[in-house]
Participant: 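Structure in structure tokens, see below.
On a predicted model such as this, the values are computed, not experimentally measured, just so you know.
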Amino acid sequence: MSITFEQVRGNPEINTYIRKADETMIAMGYTEHSFAHVTKTAVTASNLLRDLGYPARVAELAYIAGYMHDIGNVVNRQDHAQSGALLAYSILTRMGMSAEETATVMTAIGNHDEGSAVPVSPIAAALILADKSDVRRSRVRNKSNPSAFDIHDRVNYAVTGAELVLEKEEKTVTLNLVIDISMGSIMDYFEIFLQRMMLCRRAAEALDLRFRLVINDSVLL
């Protein structure tokens, strides 16, 4: 049975886990990991594969993996990719998704966190790029007192523009960032996101692309 992304997006159980997982992130002081983040991740991952010429069903599975990728945070932030993969197995199996497609989604979810991720499939690679490129001011929860921000809030708040751009003919995928250096420096960004950017480079290579990082019109990677 082909489970659609509309069915996943409308599933009350999945949406409850997304909401409760974000409550865990709030309690731990993390940036927004709720519907805005997972939807943006899902759309970006799906569009990337579609634009690269992958079959429509592969792009749809990327959407499903992107939408569900952070549900493991409802268990614990530690190893949330693996927890999320197991939750996805249970939910998608009960929804009637085939074992083949469930395994594909599970593998992508289980390989999206920079602590353990490997871009083992096109969907996993697209999910990594989509997830790690979602850096933006609106993910900061409490914007009323910037002087009290930790480095994660400061860096996210400093990013006033972020766009992942595929240039198919040049075989590049570029993360273009605009950073307000009065709020956070480029070095701040690298201090907390260097591991993520190296993972993005490996993910791009798995899609036969070269990853570029451009900050304030300067090429950093």
Participant: For the CD1 atom of Ile215 and the CD1 atom of Ile179, what is their distance to the nearest 0.5 Å?
Facilitator: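 Nearest 0.5 Å value for the CD1-CD1 distance: 4.0 Å.
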
Participant: Find out whether Val173 and Val165 are in side-chain contact, i.e. whether some heavy atom of one side chain is under 4.5 Å from a heavy atom of the other.
Facilitator: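 Side-chain contact under 4.5 Å: no.
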
Participant: Testing Asn111, Leu129, Ile128, Leu127 for side-chain contact (heavy atoms from CB on, under 4.5 Å) with Pro119, which one passes?
Facilitator: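 Among the candidates, only Ile128 passes.
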
Participant: Using the rule given for side chain to side chain contact (heavy atoms under 4.5 Å, CB included), can you reason through Val135 versus Arg196, listing the C-alpha separation, both sets of side-chain angles and the distance that settles it, and then say yes or no?
Facilitator: CA-CA 11 Å; Val135 187; Arg196 298 183 188 184; 5.6 Å; no

Participant: Between Asp22 and Ile18, is there a side-chain heavy-atom distance shorter than 4.5 Å?
Facilitator: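 No, their side chains stay 4.5 Å or more apart.
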
Participant: Would you check if the distance from the ring center of Phe5 to the ring center of Tyr67 is below 6.0 Å?
Facilitator: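 They do not qualify: ring centres at least 6.0 Å apart.
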
Participant: Quick check: closest heavy atoms across Arg201 and Phe211, and the distance to 0.1 Å?
Facilitator: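 Looks like CA-CB, 3.6 Å.
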
Participant: Between CD of Gln7 and CD1 of Ile14, what distance do you get to the nearest 0.5 Å?
Facilitator: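 Here the rounded value is 9.5 Å.
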
Participant: Report yes or no: do Asn216 and Ser218 form a side-chain donor-acceptor pair below 3.5 Å?
Facilitator: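 No, Ser218 and Asn216 have no side-chain donor paired with an acceptor closer than 3.5 Å.
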
Participant: Would you confirm whether Asn156, through its side chain, and His152, through its main-chain N or O, come within 3.5 Å as a donor-acceptor pair?
Facilitator: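 Looks like yes, one N/O pair under 3.5 Å.
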
Participant: Does some side-chain heavy atom of Asn15 sit less than 4.5 Å from a side-chain heavy atom of Phe35?
Facilitator: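 They are in side-chain contact.
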
Participant: Please examine the side chains of Lys20 and Thr24, heavy atoms only from C-beta on, and report whether any two atoms are closer than 4.5 Å.
Facilitator: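 No, their side chains stay 4.5 Å or more apart.
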
Participant: Donor-acceptor pair, Ser46 side chain versus Ala59 backbone, under 3.5 Å?
Facilitator: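 Yes: the side chain of Ser46 pairs with the backbone of Ala59.
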
Participant: For the backbone of Thr172 and the side chain of Arg210, can you confirm whether one donor and one acceptor N or O come within less than 3.5 Å of each other?
Facilitator: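 No; judged by distance alone, with no hydrogens or angles, the pair does not exist.
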
Participant: Any side-chain heavy atom of Val105 within less than 4.5 Å of one from Ile123?
Facilitator: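 Counting from C-beta outward, Val105 and Ile123 never come under 4.5 Å.
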
Participant: To the nearest 0.5 Å, what is the distance between OG (Ser185) and CZ (Arg154)?
Facilitator: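 Taking OG in Ser185 and CZ in Arg154, the distance rounds to 7.5 Å.
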
Participant: Please report the closest heavy-atom contact between Ala130 and Ala45, naming both atoms and the distance.
Facilitator: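 Shortest heavy-atom contact: CB-N, 3.6 Å.
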
Participant: Please confirm whether the backbone N or O of Ile91 pairs with a side-chain atom of Glu13, one donor and one acceptor, at under 3.5 Å?
Facilitator: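 A pair under 3.5 Å: no.
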
Participant: Residues two or more places apart in sequence or in another chain: which of them pass salt bridge (Lys or Arg N to Asp or Glu O under 4.0 Å) with Asp217?
Facilitator: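 Not a single residue meets the salt bridge (Lys or Arg N to Asp or Glu O under 4.0 Å) criterion with Asp217.
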
Participant: When you compare the side chain of Asp131 with that of His37, does any pair of heavy atoms fall below 4.5 Å?
Facilitator: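 A side-chain contact exists here, since the closest heavy-atom pair is under 4.5 Å.
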
Participant: Shortest non-hydrogen contact from Glu32 to Ala36?
Facilitator: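 For Glu32 and Ala36, the tightest heavy-atom pair comes out as OE2-N, 3.6 Å.
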
Participant: Any sub-3.5 Å donor-acceptor pair from Arg141's side-chain atoms to Thr31's backbone N or O?
Facilitator: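 Such a contact is found between Arg141 side chain and Thr31 backbone.
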
Participant: Evaluate salt bridge (charged side-chain N to carboxylate O under 4.0 Å, His left out) for Glu60 paired with Arg57, printing each intermediate quantity in order.
Facilitator: CA-CA 5 Å; Glu60 186 165 43; Arg57 183 56 181 167; 2.6 Å; yes

Participant: For Met197 and Tyr189: C-alpha separation, side-chain torsions, deciding distance, then whether side chain to side chain contact (heavy atoms under 4.5 Å, CB included) applies.
Facilitator: CA-CA 10 Å; Met197 295 302 96; Tyr189 181 87; 3.4 Å; yes

Participant: Check whether more than 12 heavy atoms from other residues, nucleotides or ligands sit under 6.0 Å from atom CD1 of Ile181, and answer yes or no.
Facilitator: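 Check fails, neighbour count at 12 or below.
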
Participant: Is a side-chain N or O of Thr93 found less than 3.5 angstrom from the main chain of Ser90, in a donor-acceptor match?
Facilitator: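 No: the side chain of Thr93 does not pair with the backbone of Ser90.
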
Participant: Taking the basic N atoms (NZ, or NE/NH1/NH2) and the acidic carboxylate oxygens, is any pair closer than 4.0 Å for Glu6 and Arg9?
Facilitator: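 No, this pair does not count.
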
Participant: Any chance the side chains of Gln82 and Ser116 put a donor and an acceptor closer than 3.5 Å?
Facilitator: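 There is such a pair (donor and acceptor under 3.5 Å, judged by atom type) between the side chains of Gln82 and Ser116.
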
Participant: For Leu166 and Leu209, run side chain to side chain contact (heavy atoms under 4.5 Å, CB included): C-alpha distance rounded to whole Å, both residues' side-chain angles, the deciding distance at 0.1 Å, then the answer.
Facilitator: CA-CA 9 Å; Leu166 171 67; Leu209 300 170; 3.9 Å; yes

Participant: Is there a path of hydrophobic side-chain contacts, each under 4.5 Å between heavy atoms of I, L, V, M, F, W or Y residues, that connects Leu207 with Val58?
Facilitator: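 Yes, it is one cluster - the side chains of Leu207 and Val58 are joined through contacts under 4.5 Å.
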
Participant: Should His112 and Thr41 count as side-chain neighbours, where that means a heavy-atom distance under 4.5 Å?
Facilitator: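 SC-SC contact between His112 and Thr41 ruled out.
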
Participant: Compare every heavy atom of His69 with every heavy atom of Ile109, then report the nearest pair and how far apart it is.
Facilitator: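 In terms of heavy atoms, the two residues are closest at CG2-O, 3.8 Å.
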
Participant: Should the heavy atoms of other residues, nucleotides or ligands under 6.0 Å from OH of Tyr54 be counted, would the total exceed 12?
Facilitator: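 Counting neighbours around OH of Tyr54, more than 12 heavy atoms of other residues, nucleotides or ligands fall under 6.0 Å, so yes.
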
Participant: Hey, could you give me the CG/CE distance between Leu92 and Met97, rounded to the nearest 0.5 Å?
Facilitator: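 If I round to the nearest 0.5 Å, the distance is 4.5 Å.
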
Participant: Rounded at 0.5 Å granularity, tell me how far CG in Asp208 sits from NZ in Lys171.
Facilitator: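 Rounded to the nearest 0.5 Å, the CG-NZ separation comes out at 3.0 Å.
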
Participant: For Lys132 versus Asp113, what's the shortest heavy-atom pair and its separation?
Facilitator: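 Distance-wise, the nearest heavy atoms are NZ-CA, 4.0 Å.
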
Participant: If you group Ile, Leu, Val, Met, Phe, Trp and Tyr by side-chain heavy-atom gaps below 4.5 Å, do Leu86 and Val38 land in one group?
Facilitator: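 No.
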
Participant: Under 3.5 Å, side chain of Arg139 to main-chain N/O of Asp134, donor-acceptor pair present?
Facilitator: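 Judged by distance alone, yes, a pair lies under 3.5 Å.
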
Participant: Flag yes if Val140 and Ile26 sit in one hydrophobic cluster, no otherwise; membership is Ile, Leu, Val, Met, Phe, Trp, Tyr, and two members link when side-chain heavy atoms are under 4.5 Å apart.
Facilitator: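 As far as the 4.5 Å side-chain criterion goes, Ile26 and Val140 are not connected within one cluster.
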
Participant: Would you say Leu49 and Pro122 make side-chain contact, with heavy atoms under 4.5 Å?
Facilitator: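 In short, these two side chains touch, coming nearer than 4.5 Å.
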
Participant: Answer yes if the side chains of Asn73 and His33 hold a donor-acceptor pair under 3.5 Å, and no otherwise.
Facilitator: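 Short answer, no.
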
Participant: Per the side-chain contact (heavy atoms from CB on, under 4.5 Å) rule, which among Leu221, Leu220, Val214, Leu213 passes with Leu175?
Facilitator: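 With Leu175 as partner, Leu221, Leu220, Val214, Leu213 yield a single side-chain contact (heavy atoms from CB on, under 4.5 Å), made by Leu213.
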
Participant: Are Phe190 and Phe193 co-members of a hydrophobic cluster defined by side-chain heavy atoms under 4.5 Å apart?
Facilitator: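 Yes.
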
Participant: Whether Glu205 and Arg202 form a salt bridge (side-chain N of Lys/Arg under 4.0 Å from carboxylate O of Asp/Glu) is what I want to check.
Facilitator: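 A salt bridge is absent here (no side-chain N lies under 4.0 Å from a carboxylate O).
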
Participant: Give the cluster check for Tyr157 versus Tyr30: same hydrophobic cluster or not, with ILVMFWY residues linked at side-chain heavy-atom distances below 4.5 Å.
Facilitator: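 The answer is no; the residues belong to distinct hydrophobic clusters.
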
Participant: Are the side chain of Glu101 and the backbone N or O of Ser98 linked by a donor-acceptor pair below 3.5 Å?
Facilitator: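 Checking the backbone N and O of Ser98 against the side chain of Glu101, no donor-acceptor pair under 3.5 Å is found.
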
Participant: Of all heavy-atom pairs between Ser133 and Ala162, which one has the smallest distance, and what is that distance?
Facilitator: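 Smallest interatomic distance, heavy atoms only, reads O-CB, 4.3 Å.
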
